[in-house]
K.L.:
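Okay, here's the structure, questions in a sec.
Owing to the predicted nature of the structure, the values given are computational and were not obtained by experimental measurement.
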Amino acid sequence: MLKEQARALFWGVLLLDLALVAVAFVLAWWARAYVLPALMPELLAAPFYPLRLYLPLLLPAVGVWALLLLGSGRYRSHRTVPLVEEAREISRVCLLGMALLALVVYAFRLDQHLLAGDEMSRLWVLLFGLFATVLLLGEKLTLRMLSRYARAKGYNYRTMIIVGTNRGAIDFAESVRDHRYWGYRILGFVAHPNGARPRVPKPYPLLGTLDELTEIVENNVVDDVVFCVGRRDLDALEDLFLALQEQGIRTRFALNLFPHTKARARLEELDGVPLLTFSTAPEQLVPLTLKRAIDVGLSVLLLVIGTPIIVVIALIIKLSSGGGRILYRQVRCGLNGRRFVLYKFRTMVENAEQQLAELLPLNEMNGPAFKLKRDPRVTTFGRFLRRFSLDELPQLWNVLRGDMSLVGPRPPIPEEVAQYQRWQRRRLSMKPGLTCLWQVNGRNQLDFDRWMELDLQYIDTWSPWLDCKILLRTVPAVLTGRGAS
């Protein structure tokens, strides 16, 4: 019953969201066609296209918003989601929705087919995103106010019993008490019969011990039982769990099994077997799919635009090195240590690797990486390529193949990885990239430890927006050659 109610609520809120997006679509047209021309007749004097010509764009627009809203994770219970977090995510969805809608329209030339060869109004797209943001935020705020009002009046709340009297159980109770808008009422605590003398925070009563739990549940109105116990106590709770299951009471376990871990936990199911998964790397399907789509799209675009530059660079390398190799191939470590061949324009003399041993004492980078600002093996033209990162253009092929991404930690060589400390290996948990935080924060001017910290910071805070910021910051860093060796 609870799952059916949650599913109905999910679809109800999603359909309401999409209806508001459709309303924003029409409001944007109305504002562009009538309101703004009346306010600024000298700027928007030309008549705007009728609504019937724009209506065929409504379905792609709603489809784009539906995908983004479903991928945002906004349709779980509002009891535990801060309003600021939800407002931030709604704003991101609408901003990205505007960009994707414009991309779809221009990629498939929909505006040319619908508007008699004319382009879609950019002002209308902006108004559409603005109205969608305002309406969706207003809806979320209204739903929260109605929900909290109902709970204040004694409706829409759930009663809870906490099993355990340890520090974790008390902290959990205090968290529930500090967030009354979650809509939970704690009836009291149930103690372990073999534990130390229980001490529970006021004003909650001690209802009894584990041996009395089934009787306590029968004599009280209980919606949820939350077990806040240690790992060693889990095996002894199976009978109690089955007894609560027979009575239809929702049972929860506070899975703070490893209190010092920084990994994000989620519960999965594999062929009926529940799996508690801990992960420190991003695993959201929709954002990562979007990241891959951007990788492919931008790589193809850059390769097409950069073909003349690539041809010229290849000719210069070939002619200046007396027929030597154009591309430099090197085995690198990718996602979780997968080996792949990385491609670069050759910037060093032919026997550069044989000379490395002689230069190791001059290494200017701490840690296993090797960096030498005035590396004598680098050719004159190679130094120019490195300064403006033009030697990395062939790595767009690695991005297309899926070995790399446009943004991510730089791929190390296996010899470096073999010398990593344990905490440094976590940078391999995300696909390597052409550019990263290290690239836009000083490049070769940073030491190895700071380089590693920036890579882990990128993994811990990753989002499509962070990738966009890094890509935008990479352009001036590359054009100016800032921090290059």
Side-chain angles (χ1 to χ4, degrees), residues 295 298-334 339-356 359 363-365 369-401 403-416 431-446 451 455 470-471 473-485:
D295 285 344
L298 279 182
S299 296
V300 171
L301 180 64
L302 291 173
L303 282 171
V304 171
I305 295 176
T307 296
I309 300 175
I310 293 173
V311 171
V312 170
I313 292 174
L315 287 174
I316 295 177
I317 294 175
K318 194 71 173 177
L319 294 174
S320 62
S321 61
R325 292 177 301 166
I326 295 174
L327 291 179
Y328 173 69
R329 298 170 176 84
Q330 187 178 45
V331 175
R332 296 288 183 104
C333 291
R339 304 288 179 90
F340 70 97
V341 177
L342 177 137
Y343 298 94
K344 299 177 67 174
F345 280 126
R346 185 171 60 83
T347 58
M348 291 186 175
V349 296
E350 283 286 351
N351 60 341
E353 293 184 357
Q354 287 73 25
Q355 300 179 26
L356 177 60
L359 300 174
N363 187 12
E364 298 173 355
M365 175 74 75
F370 177 83
K371 293 292 180 183
L372 186 59
K373 189 173 182 180
R374 297 295 179 184
D375 195 324
R377 300 173 300 165
V378 180
T379 64
T380 303
F381 185 59
R383 200 172 301 280
F384 168 81
L385 295 178
R386 287 187 168 200
R387 179 173 180 80
F388 299 102
S389 297
L390 293 173
D391 60 318
E392 297 176 359
L393 283 176
Q395 289 170 43
L396 292 171
W397 175 246
N398 289 116
V399 175
L400 282 177
R401 288 175 45 131
D403 300 323
M404 296 175 60
S405 176
L406 289 176
V407 184
R410 290 295 295 159
I413 61 175
E415 291 77 11
E416 290 179 9
K431 190 177 291 186
L434 276 171
T435 185
C436 55
L437 284 176
W438 165 79
Q439 188 85 0
V440 298
N441 282 277
R443 298 167 77 177
N444 294 318
Q445 296 176 357
L446 300 178
W451 180 2
D455 283 343
I470 293 175
L471 287 172
R473 291 177 60 189
T474 299
V475 175
V478 169
L479 290 179
T480 59
R482 186 173 65 246
S485 59

K.L.:
How far apart are the closest heavy atoms of Leu342 and Asn398, and which atoms are they?
P.N.:
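That would be CA-OD1, 3.7 Å.
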K.L.:
In chain order, what residues pass the side-chain contact (heavy atoms from CB on, under 4.5 Å) check against Ser405, with sequence neighbours excluded?
P.N.:
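Here the qualifying residues are Lys291, Asp295, Lys431.
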K.L.:
Drop me the distance from Arg346's CZ to Leu327's CG, to the nearest 0.5 angstrom.
P.N.:
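If we round to the nearest 0.5 Å, Arg346:CZ and Leu327:CG are 10.0 Å apart.
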K.L.:
Can you tell me how far the CG atom of Leu319 sits from the CD1 atom of Ile326, to the nearest 0.5 Å?
P.N.:
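Result: 9.0 Å between the selected atoms.
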K.L.:
Applying side chain to side chain donor-acceptor pair (under 3.5 Å), can you list everything that pairs with Thr379, at least two apart in sequence or on another chain?
P.N.:
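Residues passing side chain to side chain donor-acceptor pair (under 3.5 Å) with Thr379: none at all.
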K.L.:
Begin with the C-alpha distance, continue with both residues' side-chain angles, and end with the deciding distance and a verdict on side chain to side chain contact (heavy atoms under 4.5 Å, CB included) for Phe345 and Leu390.
P.N.:
CA-CA 8 Å; Phe345 280 126; Leu390 293 173; 5.8 Å; no
K.L.:
Report the distance from atom CG of Asp403 to atom CH2 of Trp397, rounding to the nearest 0.5 Å.
P.N.:
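The CH2 atom of Trp397 is 10.0 Å from CG of Asp403, to the nearest 0.5 Å.
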K.L.:
Please tabulate, for the side chains in residues 308-315, all donor-acceptor contacts under 3.5 angstrom to protein atoms that are two or more places apart in sequence or on a different chain.
P.N.:
none

K.L.:
Within this structure, what is the CG-CZ distance for the pair Asp391 and Phe381, rounded to the nearest 0.5 Å?
P.N.:
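The distance works out to 10.0 Å.
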K.L.:
Applying side chain to side chain contact (heavy atoms under 4.5 Å, CB included), run through Leu434 and Thr474 and close with a yes or a no.
P.N.:
CA-CA 10 Å; Leu434 276 171; Thr474 299; over 6 Å; no
K.L.:
State which residues pass side-chain contact (heavy atoms from CB on, under 4.5 Å) with Glu415; sequence neighbours excluded, sorted by chain then number.
P.N.:
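Only Ile413 meet the side-chain contact (heavy atoms from CB on, under 4.5 Å) criterion with Glu415.
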K.L.:
Using the test side chain to side chain donor-acceptor pair (under 3.5 Å), find all partners of Thr347 that sit at least two apart in sequence or belong to another chain.
P.N.:
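Residues passing side chain to side chain donor-acceptor pair (under 3.5 Å) with Thr347: Arg386.
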K.L.:
Could you pull out all residues at least two apart from Val341 that satisfy side-chain contact (heavy atoms from CB on, under 4.5 Å)?
P.N.:
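By the side-chain contact (heavy atoms from CB on, under 4.5 Å) rule, Val341 matches Arg329, Tyr343.
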K.L.:
I need the Leu406 CG to Thr435 OG1 distance, nearest 0.5 Å.
P.N.:
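Atom-to-atom, Leu406:CG and Thr435:OG1 are 9.5 Å apart.
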K.L.:
Give every residue pair that meets the salt bridge (charged side-chain N to carboxylate O under 4.0 Å, His left out) criterion with at least one member in residues 298-311, sequence neighbours excluded.
P.N.:
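For residues 298-311: none.
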K.L.:
Rounded to the nearest 0.5 Å, what separation is found between the OG atom of Ser389 and the CD atom of Gln395?
P.N.:
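One gets 9.5 Å once the value is rounded to the nearest 0.5 Å.
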K.L.:
Please report the closest heavy-atom contact between Glu416 and Pro412, naming both atoms and the distance.
P.N.:
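Reported closest heavy-atom pair: OE1-CB, 3.6 Å.
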K.L.:
Residues in side-chain contact (heavy atoms from CB on, under 4.5 Å) with Pro432, at least two apart?
P.N.:
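Testing Pro432 for side-chain contact (heavy atoms from CB on, under 4.5 Å), a comparison that skips the adjacent residues, returns Phe340, Met404, Pro411.
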K.L.:
Sequence neighbours left out, what passes salt bridge (charged side-chain N to carboxylate O under 4.0 Å, His left out) with Arg410? Give chain and number order.
P.N.:
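Once residues adjacent in sequence are excluded, the partners of Arg410 under the salt bridge (charged side-chain N to carboxylate O under 4.0 Å, His left out) criterion are Glu392.
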